[in-house]
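From a predicted model like this one, the values you see are computed outputs, not experimental measurements.
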Amino acid sequence: MRFRQVHLDFHTSEAIAGIGARFSKQQFQDMLKLGHVDSITVFSKCHHGWAYHPSKANRMHPQLSFDLLGAQIEAAHEIGVKTPVYLSAGLDEKTARERPEWLSRRRNEQTNWAPDFLSPGYHTLCMNSPYLDVLVEQIEEVVRNYDADGIFLDIVGVKECYCHSCIRTARERGVDPRVKPDMMPIWEETYARYTERTNEAAQKHKPGMPVFHNGGHIPQGRRDLAKRNTHLELESLPTGGWGYDHFPLSARYVQGLGMPYLGMTGKFHTTWGEFGGYKHPNALRYETALSLANGARCSIGDQLHPDGLMDEATYRLIGAAYREVEAKEAWCEAVSNVADIALLTTEAADCKAEGEGRCPKADQGAVRMLLEGNWLFDVVDPESDWNGYPVLILPDRIRLNASLEAKLLDYVKQGGRVLATGRSGLREDGGGFAIDLGASWIGTAPYRPDYWLPQLALPGGSAAPEGTAYVMYSEGQQIAAAGGGTVLGERHNPYFNRDAFAFCSHQHTPNSKQSGGPGMTEGSAGIYIAWDVFEDYAAKGSLFLRDTVSAALSRLLGERPTLTTTLPAQGVTTVQRQDGHNRLVHHLLYATPVRRGEKIEIIEDIVPLYDISCSLRTERPVKTVYLAPQMEPLPYSEQDGVITYTVPKLDCHQMVVVELI
């Protein structure tokens, strides 16, 4: 897998004439060179259902007069650029209209994506129908006839479907299709059969052919689904609905799976399908650097104009970012992440709320806090080995079944410490806490919101006079101190809950200053915070929540953090181990997304930072420290296995390379 990929969308309507008419081999090559591109995903079949090459398994676009796919592959290979080939799998509008009985359906018989055939848009097809046979033939034809460097299949996953095929399968097996949990095995089996057959088709004529099945997000806690790919592509367009929280969360999980992967953003101001929209160059600089800092290679989404002419403005934009990536690649290949903290997300533990999308609130808030606190962390699932991490976070709603409890008890027995919040750490059967967090559980707190009075110093921006009580908007749990645990703060109750017959002021009832019991405790296994603080932070962003968690993490890690730095909260920092070169690579990034319009977060100005202090625990003696890719030596001091250095200037992204003896 290469570092500088473009994903060249080409979803073109049959109502447009002259498809590919302005394609030029020379211009195509010139734009790839301008963009510093070393791999480009080109199209065999688009969402409209048309092939962009002569085909017996499909029909060529009626407005295309030549083999566009073949011409693109030939042009790219001639200059050393690889060409994975794209086939739309879940969407095929031509087939959807010709074979509507193959469409996936909701419970009410409505179609998916576009709700009907009078609304513009695509309609998904069910892989539990004969459509799968058609798709398999199309894949085989491409691999047989073209020198593809991979197959990218789009809009797939385990899909809820109540089409005639799925209902018939359920009835044949004696399953009641009205009971969703009973239908899940059918949908899982459908996706498994789809991946088996399409992987076989892709690799039948070219063993080892890379294959990726894209669903817009890599499901955490589903290693079985990830392993059906040869590599992973983390679709995460910050301005396209994913936001800037999603990629770090996804990458910190995926890197632990041990598979090659890349981060996919887009050149668009908004999202896919936008013509004439351009992201600010500084945004692409930052987003590609963020991929490198998280151990990923890079992919930038573009969309080819129907006439086949590559857009020069786009490739100047991409080239500005990929020129920097090209200079940094040597320090970014074959790396593993260094982490002190393991975050078991609600998604990975199968505890996210019904209807939550790619980034559950508890997980989003936790990752945001960890990034802003400059903590080194990984995202883990129940299959991960937790024992290498000094601290494990259980955010907000991870109640424990028997297997998860056994794993957690073993982790604590091996010396690990736990930070649990909200309902996390409680047994599913209502039997209270499974580990010693210095508390016994009474029940859900009767007041919401209520108040948190810390009895330990809080770092950061929320530092307030001693005795300050902070409002807690999220659900809390009522606890009592137990087992000789230490109380680190208490809950204060409001006078009453707000309702029609008892309310005060505009929002919520003030603090009665009467204790409601402990709000934060510490036991032999770790620390417990009695509210859903991570969901609250994702929703409200109150700094005292982050500072409360930072105080807990500092207490749990003690003198053992691998990294401390004065990088501001809006920065991102990681440490990647490059064992093949016997070195550590410390990444520092800084940019400030701002909201423009209703939902779009924009990075425009990159404000340089100066004189950032860093201390890094290396565990082995150090030979030299330098800035990369500048190759400038960086002065440092070393004491008790910790090196200290100052980064003189950070302009978007800076790598500090620590060569070990």
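Under the 4.5 Å side-chain criterion, counting only non-hydrogen atoms from C-beta, Val175 is not in contact with Thr169. In this structure, Thr345 and Leu249 have side chains that are in contact, with non-hydrogen atoms separated by less than 4.5 Å. Looking only at side-chain heavy atoms (C-beta outward), Tyr131 and Leu103 stay at 4.5 Å or farther from each other. Side-chain contact between Gln303 and Leu8: absent, with no pair of heavy atoms (C-beta onward) separated by less than 4.5 Å. Within the 4.5 Å cutoff, no side-chain heavy atoms of Lys159 are placed close to those of Tyr191. Between Met60 and Ser55, every side-chain heavy-atom pair lies at or beyond the 4.5 Å cut-off. You'll find the side chain of His213 reaches within 4.5 Å of the side chain of Asn199, heavy atoms only.
Side-chain contact of Arg2 with Gln5: a donor-acceptor pair under 3.5 Å is absent, judged by distance alone. For Tyr122 and Ser88, the side-chain atoms include no donor-acceptor pair closer than 3.5 Å. Side-chain contact, Asn112 with Arg105: no donor N or O sits under 3.5 Å from an acceptor N or O. Using modelled atom types, one finds a donor on one side chain and an acceptor on the other under 3.5 Å when comparing Glu235 with Trp272. Side-chain contact of Gln220 with Asp381: a donor-acceptor pair under 3.5 Å is absent, judged by distance alone. For the residue pair Lys540 and Ser474, no side-chain donor N or O sits within less than 3.5 Å of a side-chain acceptor on the partner. Residues His269 and Thr239 have side chains that never bring a donor and an acceptor to within less than 3.5 angstrom of each other. Using a 3.5 Å distance cut-off with no hydrogens or angles, the side chains of Thr124 and Ser104 do pair a donor with an acceptor. Side-chain atoms of Tyr244 and Glu287 form a donor-acceptor pair, as typed in the model, at a separation below 3.5 Å. Remark: the Ser165 side chain and the Asn128 side chain contain no N/O donor-acceptor pair separated by less than 3.5 Å.
Under 4.0 Å is where a charged nitrogen must lie from a carboxylate oxygen, and between Arg427 and Asp429 no such pair does. Ion pairing between a basic and an acidic side chain is recognised when a charged N comes within 4.0 Å of a carboxylate O; Arg423 and Glu475 show such pairing. Checked for salt-bridge contact, Asp38 and Lys82 miss the test: no charged N lies under 4.0 Å from a carboxylate O.
By the 6.0 Å and 45° rule, Arg107 stacks over the aromatic ring of Tyr162. A cation-pi geometry, defined here as NZ or CZ lying under 6.0 Å from the six-membered ring centre and within 45° of its normal, holds between Lys267 and Tyr278.
In terms of modelled atom types and a separation under 3.5 Å, the side chain of Lys206 and the main chain of Ala148 share a donor-acceptor contact. No donor-acceptor distance shorter than 3.5 angstrom exists from the side chain of Asn229 to the backbone of Leu232, with no hydrogens or angles considered. Remark: the backbone N or O of Gln477 is not paired with any side-chain donor or acceptor of Trp531 at under 3.5 angstrom. In this structure, the side chain of His123 engages the main chain of Asp116 through a donor-acceptor pair within 3.5 Å. A donor-acceptor contact shorter than 3.5 Å is absent between the side chain of Gln63 and the backbone of Ile19. With Ser129 contributing its side chain and Leu132 its backbone, the two residues share no donor-acceptor pair below 3.5 Å.
A ring-centre distance under 6.0 Å is found for Phe152 and His7. Residues Phe10 and Trp50 keep their aromatic ring centres 6.0 Å or farther apart. When ring centroids are compared, His246 and His217 come within the 6.0 Å threshold. You'll find the ring centres of His231 and Tyr261 outside the 6.0 Å limit.
Between His11 and Phe43, the ring-plane angle classifies as perpendicular under the 30° and 60° cut-offs.
Under the ring-ring contact (aromatic ring centres under 6.0 Å, His included) criterion, Phe3 pairs with no residue, sequence neighbours left out.
Thr195 contributes atom OG1, which lies 10.5 Å from atom CE of Met127 (distance to the nearest 0.5 angstrom).
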